[in-house]
Amino acid sequence: MNPEGSQKIFDVSEYDLAATLTSGQAFRWRFRDGGWESVVGSRWVRLRENKKTIIAETALPVSAWNWLRDYLRLDVDLPEIIATFPDDEPMRAAIKACRGLRLLRQNPWECLASFILSSTKQIVQIEQIVGLLCERFGQPVTVPTGHERVFAFPTFARLAQISDAELRACKMGFRAPYLLATAKMLVNKEVVLENLHRRPLDEARGELLKFPGVGNKIADCVLLFAFGFPTAFPVDVWVMKALRELYFPKRRVKLNRLQKFSQTHFGPNAGYAQQYLFHYVRKIL
DNA sequence: AACCAGGACACAA
DNA sequence: TTGTGTCATGGT
């Protein structure tokens, strides 16, 4: 393919790349030429899946692949996770419909910024906004010869010096001041994202809630998709629909009640269960 | 053409 | 604590 780059074959089982990369946890993966392309950190990468392998290809030489193993969480034993799900009808249906669905481990800042931009937006629109942001303010990364230009996710230091108007021009609307203020707080070290994964869940959530535009739902997304807290359970409109229609049919249950239910019912890997429900209801509704 | 989208926030009651 | 309007933009 590209003689300058590297290729690596990972042995995997129960890993559905398409489901994982399009399930609304990451917003920068695109399917092209038979593979999934994105930027992880500052590296362009293309992933293809065979029966029992994932083939990774980079544009630059790579000596160690732990950055990608970590991102894809290749060490996770999925059947072991699924075995902890509650044994009820909705979960059985979701598991059956989402074989191989995984959670990623994303960069905290990119994840936080992306989900600040996600509120009351459809996934396709979030992808568009994030795409514009990277294209306009991100550092260019090396791509295979002849490939279109690709950019890294912009740093918070870079975004902190961008005007409100420039951000709104990326179609993010009222979310622009939230993103800008968040970037500035990070520059000033009012909140530090590093090592947040070592803190207790509630403390880590408390730190994330300090950012403007971040409430419980977005905080839980970052806790789950970036910091790897296995019980974080973001409840958005889709998960709310899933919980209402699958667990409380024909009863008008309030969001607060659903959140309490989610914290007690889904076990030590509730976050994974949540992702299965999310992906499941979006397929059947 | 209405309705809705991986919400958060200020403000009522 | 629980409910309502508002914010910006575009897909379905």
Side-chain angles (χ1 to χ4, degrees), chain A residues 19-29 94 97-98 101-106 108 110-133 135-136 162-183 185 191 205-227 229 231-246 251-262 266 270-285:
Chain A
T20 300
L21 301 179
T22 65
S23 64
Q25 46 181 322
F27 305 101
R28 297 201 64 202
W29 288 95
C98 308
L101 177 62
R102 302 278 187 140
L103 290 179
L104 304 167
R105 184 185 306 279
Q106 300 178 62
E110 176 171 344
C111 187
L112 172 63
S114 297
F115 276 97
I116 285 175
L117 301 176
S118 77
S119 66
T120 44
K121 278 294 185 191
Q122 298 183 148
I123 290 174
V124 286
Q125 291 181 276
I126 302 167
E127 291 169 345
Q128 185 196 11
I129 296 169
V130 171
L132 285 170
L133 200 61
E135 188 178 302
R136 296 181 183 182
I162 293 172
S163 71
D164 180 82
E166 287 177 294
L167 289 178
R168 284 179 190 265
C170 296
K171 306 185 185 295
M172 65 181 72
F174 62 82
R175 303 156 195 82
Y178 292 154
L179 181 61
L180 189 55
T182 294
M185 286 174 66
V191 178
R205 181 185 287 116
E207 290 302 295
L208 292 173
L209 290 175
K210 291 178 179 175
F211 295 113
V214 177
N216 284 111
K217 188 271 170 182
I218 290 177
D220 279 344
C221 283
V222 180
L223 291 170
L224 181 62
F225 300 143
F227 291 113
F229 285 94
T231 59
F233 196 103
V235 180
D236 75 319
V237 290
W238 289 101
V239 173
M240 195 163 62
K241 265 188 251 184
L243 294 178
R244 284 194 171 131
E245 295 186 15
L246 300 175
R251 269 200 283 164
R252 49 191 221 292
V253 187
K254 288 175 291 186
L255 173 61
N256 220 337
R257 177 74 182 82
L258 292 175
Q259 287 176 328
K260 265 196 122 77
F261 174 74
S262 73
F266 293 98
Y272 272 89
Q274 171 277 152
Q275 197 65 9
Y276 275 69
L277 289 174
F278 177 78
H279 201 249
Y280 174 54
V281 291
R282 280 171 49 82
K283 284 174 75 170
I284 64 172
L285 295 183

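Letters A, B, ... are given to chains in the order of the sequence lines, protein chains preceding strands, and every chain is numbered from 1. The shown structure was predicted, so the numbers you read here are calculated from the model rather than taken from an experiment.
- Between A/Lys241 and A/Gly213, the residue whose closest nucleotide on DNA chain B is further toward the 5' end is A/Lys241.
- For the P atom pair drawn from C/dG5 and B/dG6, the interatomic distance equals 23 Å after rounding to whole Å.
- You can see that DNA chain B meets the heavy atoms of chain A within a 4.0 Å-exclusive cut from B/dA5 to B/dC9, reading 5' to 3'.
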Review point. Which parts of nucleotides 2-12 of chain C does protein reach within less than 4.0 Å, heavy atoms only, written one letter per nucleotide 5' to 3' as B for base, S for sugar-phosphate only and - for none?
Key: SS---BBBSS-
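- Here A/Ala183 pairs with A/Trp109, A/Phe156, A/Leu159, A/Ala160 under the side-chain contact (heavy atoms from CB on, under 4.5 Å) rule; sequence neighbours left out.
- With sequence neighbours excluded, the residues that form a side-chain contact (heavy atoms from CB on, under 4.5 Å) with A/Thr120 are A/Phe174, A/Arg175.
- At a threshold of 4.0 angstrom between heavy atoms, the contacts of A/Val214 are confined to the sugar-phosphate backbone, with no base atom among them.
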Can I get a per-line list of side-chain donor-acceptor pairs under 3.5 Å for residues 162-171 of chain A, giving both atom names and the distance, sequence neighbours left out?
unit_1	atom_1	unit_2	atom_2	d
A/Ser163	OG	A/Glu166	N	3.1
A/Ser163	OG	A/Glu166	OE1	3.2
A/Asp164	OD2	A/Arg168	NE	2.7
A/Glu166	OE1	A/Ser163	N	3.1
A/Arg168	NH1	A/Gly173	O	3.4

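- Across all strands, A/Ser114 comes closer than 4.0 Å to no nucleic acid atom at all (heavy-atom distances).
- Across all strands, A/Phe225 comes closer than 4.0 Å to base atoms (heavy-atom distances).
- A heavy atom lying under 4.0 Å from DNA chain C marks none of the residues of residues 273-285 of chain A.
- With DNA chain B read from its 5' end, the first of the two nearest nucleotides for A/Leu209 and A/Gly24 is the one closest to A/Gly24.
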